[in-house]
2 protein chains.
Amino acid sequence: MENMQALTHAQQRVLDHLIERQREGHDAPSLDELCSELGLASRGSLHKHITALIDAGLVAPMDGKQRGVRLTSTALDDGSVPLLGRIAAGRPIEAISGHERIAVPPHLRGRGECYALKVRGDSMIDAGILDGDTVLIEPRDNARNGEVVVALIDGENATLKRLYRRSGEIELHSENQNFPVQRYTPARVQIQGALVGLMRRY
Amino acid sequence: MENMQALTHAQQRVLDHLIERQREGHDAPSLDELCSELGLASRGSLHKHITALIDAGLVAPMDGKQRGVRLTSTALDDGSVPLLGRIAAGRPIEAISGHERIAVPPHLRGRGECYALKVRGDSMIDAGILDGDTVLIEPRDNARNGEVVVALIDGENATLKRLYRRSGEIELHSENQNFPVQRYTPARVQIQGALVGLMRRY
DNA sequence: GTCACAGGAGAACGAAACGAGAACAACGAT
DNA sequence: ATCGTTGTTCTCGTTTCGTTCTCCTGTGAC
């Protein structure tokens, strides 16, 4: 946040590799291991980059400890995901106070970043999405036919619905017989993300 | 949480081996046994690592006792849970090969130990439990009225059903109109666990 | 061209990790 | 009592590792 000067090419490459490593569950490496993984022949060069990353606050300082190369929480993926709010049919997303986060097992997440929403209401009950469930949303602006998406209508109302494209129109299906199918012109519907996972506690 | 300094390589290796051992049901080893299993030649070195793990709170202190190497509960709790098999209506649980485990966020777990099952079939679809979902089961031999349980009928068939007690009988409801309600005498129904969580990937 | 700079190679040093081995005390079985 | 096993503690040498240093090379700006 404070020392926000851009990283050089090589520093970025080291950081990317560290993040990749951690995502795959490897433990903290030694400098020699990192060297061979990065195709370097000298620890000294690598050490320069790591100290630069420490100065940038992206890597935790390793005070002489062996295998001390660890990512800082900012760059670190601790398996949690921001819980942004509640979503229901026909209302905008209700923001949840503060910056709450919720733990999510890796296999429920998509590839990239995603966020969580609490479901309010029974509008998707026939899709097995109940009131109180937590859904994981991968931010996207497009979706395949039949995917469940967070759709923003007229820039106002965000809802969780199953999306179909039919002859120039967009159909948003509530999976609940009591709710009618909604049809809109593509211009009115903006896709904000797609459903990639669900968690429920009993 | 308190003394959370990273373990060294060798310490981690010892800890991993101990966890593996315990998960496979072996009893507590002696230092010599551990040495040969780990490929070490000296008890002294191993003992140093074990005391380090004790300091880290991952192994219970063995005050001179023989075969006193026991793991702390925190060491065993890596946020994963055994994935025991698949469950469907009317068939016994299909064991899944090996000792597979699956990561589960802490808030989905009940208080104690629990395990995971993959759901096969649509018999609980109206309860929002779909084919392919992963359910978290807390082992118990009793349940409150209306809870979803893993019930073993006549010691043979395990199913996931909603349980009600009605006038001396036990009713097992499939949450699917196509499946009839099953009624049994209490003697024929054995409760194996209760549903505490659910995960689904899209 | 000169200059600055990013990037890498390699050597050297001190500290820590690691494992071997020996020695000793406590304990159990024979 | 005696012997073997086990936990514990110690020293010692080797390896690994982080750190620092100097030196070399390419590149872009001036």
Side-chain angles (χ1 to χ4, degrees), chain A residues 3-22 24-72 75-76, chain B residues 3-22 25-72 75:
Chain A
N3 191 3
M4 213 45 189
Q5 61 178 342
L7 299 177
T8 67
H9 251 202
Q11 290 162 10
Q12 189 67 52
R13 196 165 75 96
V14 172
L15 180 60
D16 288 348
H17 182 77
L18 285 174
I19 293 176
E20 176 79 10
R21 257 191 83 95
Q22 165 140 351
E24 299 190 1
H26 294 105
D27 50 353
S30 71
L31 290 193
D32 271 346
E33 288 172 358
L34 276 185
C35 277
S36 64
E37 288 168 14
L38 288 165
L40 298 183
S42 161
R43 270 170 296 172
S45 322
L46 176 62
H47 183 262
K48 253 188 299 186
H49 300 140
I50 302 250
T51 50
L53 292 175
I54 292 176
D55 288 344
L58 296 169
V59 167
M62 41 172 178
D63 320 309
K65 298 289 180 212
Q66 292 189 189
R67 298 174 175 274
V69 186
R70 304 209 180 255
L71 293 169
T72 304
L76 177 94
Chain B
N3 191 5
M4 210 42 189
Q5 64 175 341
L7 300 177
T8 68
H9 229 207
Q11 290 161 10
Q12 188 68 52
R13 197 166 72 97
V14 172
L15 180 61
D16 287 348
H17 182 78
L18 285 173
I19 292 175
E20 176 87 5
R21 259 190 82 96
Q22 170 140 348
H26 295 106
D27 51 352
S30 73
L31 291 193
D32 271 347
E33 287 172 357
L34 275 186
C35 276
S36 64
E37 288 168 13
L38 287 166
L40 296 183
S42 161
R43 270 169 298 169
S45 319
L46 176 61
H47 184 263
K48 248 188 302 185
H49 299 143
I50 301 234
T51 51
L53 292 176
I54 292 174
D55 288 344
L58 297 169
V59 167
M62 42 170 182
D63 318 309
K65 300 288 179 214
Q66 293 188 188
R67 298 174 173 273
V69 186
R70 307 222 173 248
L71 290 169
T72 308

Atom pairs under 3.5 Å: protein N/O with N/O of nucleotides 5-7 of chain C:
residue : atom : partner : partner atom : Å
C/dG7   : OP1  : A/His9  : N            : 3.3
C/dG7   : OP1  : A/Ala10 : N            : 3.1
C/dG7   : OP2  : A/Thr8  : OG1          : 2.6

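- Scanning atom types as modelled, no donor and acceptor separated by under 3.5 angstrom connect the side chain of A/Ser42 and the base of C/dG8.
- Between A/Leu46 atom CG and D/dC17 atom P there is a gap of 13 Å when expressed in whole angstrom units.
- B/Leu15 has its side chain within reach of B/Leu71: a pair of non-hydrogen atoms, C-beta onward, lies under 4.5 Å apart.
- Between B/Asp32 and A/Glu33, the residue whose closest nucleotide on DNA chain D is further toward the 5' end is B/Asp32.
- Put simply, the side chain of B/Gln11 gets close to the backbone of B/Thr8: a donor and an acceptor are under 3.5 Å apart.
- Interatomic distance, CD1 of A/Ile54 versus NE2 of A/His49, reported as 13.0 Å (0.5 Å rounding).
- When the P atom of D/dT5 is taken as reference, atom CG of B/Leu34 falls 17 Å away, rounded to whole Å.
- Distance from the side chain of A/Arg43 is smallest to D/dC17 among D/dC17, C/dA9, C/dG8.
- Residue A/Leu31 contributes atom CG, which lies 15 Å from atom C1' of C/dG8 at whole-angstrom precision.
- Residues B/Leu18 and B/Leu58 have side chains not in contact (no heavy-atom distance under 4.5 Å, counting atoms from C-beta outward).
- One atom, CD of B/Gln12, and another, P of C/dA17, lie 15 Å apart when rounded to the nearest Å.
- Contact check, B/His47 against D/dT8: a side-chain N or O comes under 4.0 Å of OP1 or OP2.
- Counting heavy atoms from C-beta on, the side chains of B/Arg70 and B/Val59 never come closer than 4.5 Å.
- For residues 32-51 of chain A, the salt bridge (Lys or Arg N to Asp or Glu O under 4.0 Å) pairs, not counting sequence neighbours, are A/Arg21-A/Glu37, A/Asp32-A/Arg43, A/Glu33-A/Arg67.
- Distance, A/Ile50 CD1 to D/dC17 P: 14 Å, rounded to whole Å.
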